[in-house]
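Remarks on the structure that follows.
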Amino acid sequence: MKLIFIGPPGSGKGTQAAKLERMRGLVQISTGDMLRAAVASGSSLGQQAKAIMEAGKLVPDHLIIGLIEQRIAEPDCESGFILDGFPRTTAQAEALDQLLQDKGTALDRVIEFEVDDSILIDRISGRFTCAKCGEGYHDSFKQPKTTGVCDICGSSEFKRRADDKAEKVKTRLSEYHALTAPLLPYYRNKQLLRTIDAMADIDEVAGQLNLVLESG
Ligand code: AMP
């Protein structure tokens with residue numbers, strides 16, 4: 001199954017993609033994670049992307065399209081993948097259509113994570129992850145079971161994203177509305193779009209997602 005998750009920052013795409021990866025054996029492809037790894041490694045891509053990401057703006061299409069082209073050609077993607085954070089512009093969506101067509105394949109579904117902007121700033125500014133295994137937590141909604149210790153790997157190191165600060169989140173949201181939201185009609189016209197209510201709690205959203213994936 002080849003899926004796209006579209007939604008504003010903080011709508012829970014990454015959380016649900018990680019869950020679905022574990023449950024269905026699909027590969028989660030997060031362009032945000034790939035770019036953060038590139039920045040951390042100091043690669044040429046990372047150097048080009050760093051300041052743009054810190055400002056909450058979108059990285060140029062040609063850089064991202066090249067990254068996705070390489071990633072979906074890897075063998076682990078053959079059994080299916082979830083694109084989490086890609087495409088984010090019409091040019092990226094058109095390039096993806098072409099890439100998949102060249103490989104003789106196509107998308108199965110595009111899932112929209114619908115959330116009111118008003119709750120996103122709180123959702124995003126409270127989140128943090130385990131520095132070792134990447135498990136996600138939140139100050140209000142999901143603390144580790146033992147304070148300061150990751151539930152999954154036992155590490156006591158956690159990190160917060162620099163672009164999760166409130167003023168950066170505002171820029172990221174306006175980038176979403178200006179550049180990414182136009183993809184919703186693009187995929188609706190192709191009859192691929194399904195919308196889920198991503199305001200609900202994590203397990204309820206996972207339930208809705210399963211229903212949508214089972215129901216065709
Ligand atoms: P995310 O982790 O998906 O919130 O992405 C973090 C940041 O990485 C975004 O604010 C952008 O600067 C950059 N980024 C991630 N994916 C893309 C994309 N598909 N196109 C352009 N920039 C992206």
Side-chain angles (χ1 to χ4, degrees), residues 2-18 20-21 27-72 77 81-100 107 110-113 115 117 119-131 134-138 159-184 186-187 198:
K2 297 180 182 67
L3 305 174
I4 292 177
F5 284 2
I6 297 185
S11 57
K13 304 182 299 293
T15 303
Q16 297 297 336
L20 213 55
E21 179 174 65
V27 180
Q28 176 185 9
I29 303 179
S30 157
T31 41
D33 285 349
M34 291 164 84
L35 288 167
R36 281 183 286 281
V39 170
S41 75
S43 68
S44 145
L45 170 65
Q47 287 172 28
Q48 293 175 79
K50 188 170 190 286
I52 301 170
M53 292 173 73
E54 280 170 2
K57 307 287 266 186
L58 292 188
V59 170
D61 289 331
H62 69 277
L63 294 177
I64 299 288
I65 291 164
L67 200 63
I68 284 289
E69 183 171 10
Q70 280 176 15
R71 184 64 188 91
I72 64 176
C77 289
F81 51 75
I82 309 157
L83 294 171
D84 158 18
F86 177 92
R88 260 175 152 104
T89 63
T90 305
Q92 292 179 18
E94 288 169 353
L96 176 66
D97 284 346
Q98 190 62 55
L99 280 176
L100 294 177
L107 292 165
V110 177
I111 313 291
E112 176 193 8
F113 285 60
V115 189
D117 278 9
I119 68 159
L120 289 174
I121 300 214
D122 281 348
R123 262 204 194 180
I124 297 177
S125 51
R127 67 186 185 179
F128 61 100
T129 53
C130 171
E135 180 68 4
Y137 296 97
H138 193 280
K159 59 183 184 185
R160 288 176 193 263
R161 283 171 48 174
D163 63 351
D164 277 352
K165 297 203 173 78
E167 71 277 13
K168 299 294 159 55
V169 174
K170 286 188 188 146
T171 309
R172 289 164 62 203
L173 277 175
S174 53
E175 290 280 274
Y176 175 78
H177 289 296
L179 299 169
T180 309
L183 296 183
L184 300 171
Y186 178 88
Y187 288 119

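Whatever order the structure lists ligands and atoms in, that order sets their numbers, starting from 1. Please read all numbers here as calculations on a predicted model, not as lab measurements.
Checking only distances, R36 does come within under 3.5 Å of ligand 1, N or O to N or O. Between G56 and ligand 1, no N or O atom pair is found at a separation short of 3.5 Å. Distances between N or O atoms of K57 and those of ligand 1 include at least one value under 3.5 Å.
Protein heavy atom at the shortest distance from atom 16 (N) of ligand 1 is T31 OG1, 2.8 Å. Protein heavy atom nearest atom 18 (C) of ligand 1, with residue, atom name and distance: R88 CD, 3.4 Å. Counting protein heavy atoms only, atom 7 (C) of ligand 1 is closest to M53 CE, 3.9 Å. Among all non-hydrogen protein atoms, the one lying nearest atom 22 (N) of ligand 1 is V59 N, 3.1 Å. Of the protein's non-hydrogen atoms, L35 CD1, 3.4 Å is the one closest to atom 14 (N) of ligand 1.
At a heavy-atom cutoff of 4.0 Å, ligand 1 is contacted by the side chain of I64 but not by its backbone.
Side-chain atoms of L35 and I64, non-hydrogen and from C-beta on, do get closer than 4.5 Å to each other. Between D97 and Y186 there is a side-chain heavy-atom pair separated by less than 4.5 Å. The closest side-chain heavy-atom distance from F113 to Q16 is below 4.5 Å. At a threshold of 4.5 Å between non-hydrogen side-chain atoms, the residues E54 and D163 do not count as touching.
Minimum interatomic distance between S11 and A198 (heavy atoms only, all atoms of both residues): O-CB, 3.5 Å. In this structure, R88 and T180 approach most closely via the heavy-atom pair O-OG1, 2.7 Å. Considering all non-hydrogen atoms of both residues, F86 and I4 come closest at O-CG2, 3.7 Å. In this structure, A95 and I65 approach most closely via the heavy-atom pair CB-CD1, 3.6 Å.
Under a 4.0 angstrom heavy-atom cut-off, R161 registers as being in contact with ligand 1. Contact annotation: E175 has no heavy atom less than 4.0 Å from any atom of ligand 1.
Of all the atoms in ligand 1, the ones that sit under 4.0 Å from a non-hydrogen atom of Q92 are 18 (C), 19 (N), 20 (N), 21 (C). Interface atoms of ligand 1 facing R172, defined by a heavy-atom separation under 4.0 Å, are 4 (O).
In this structure, the separation between OG on S30 and CD1 on I82 is 11.0 Å, given to the nearest 0.5 Å.
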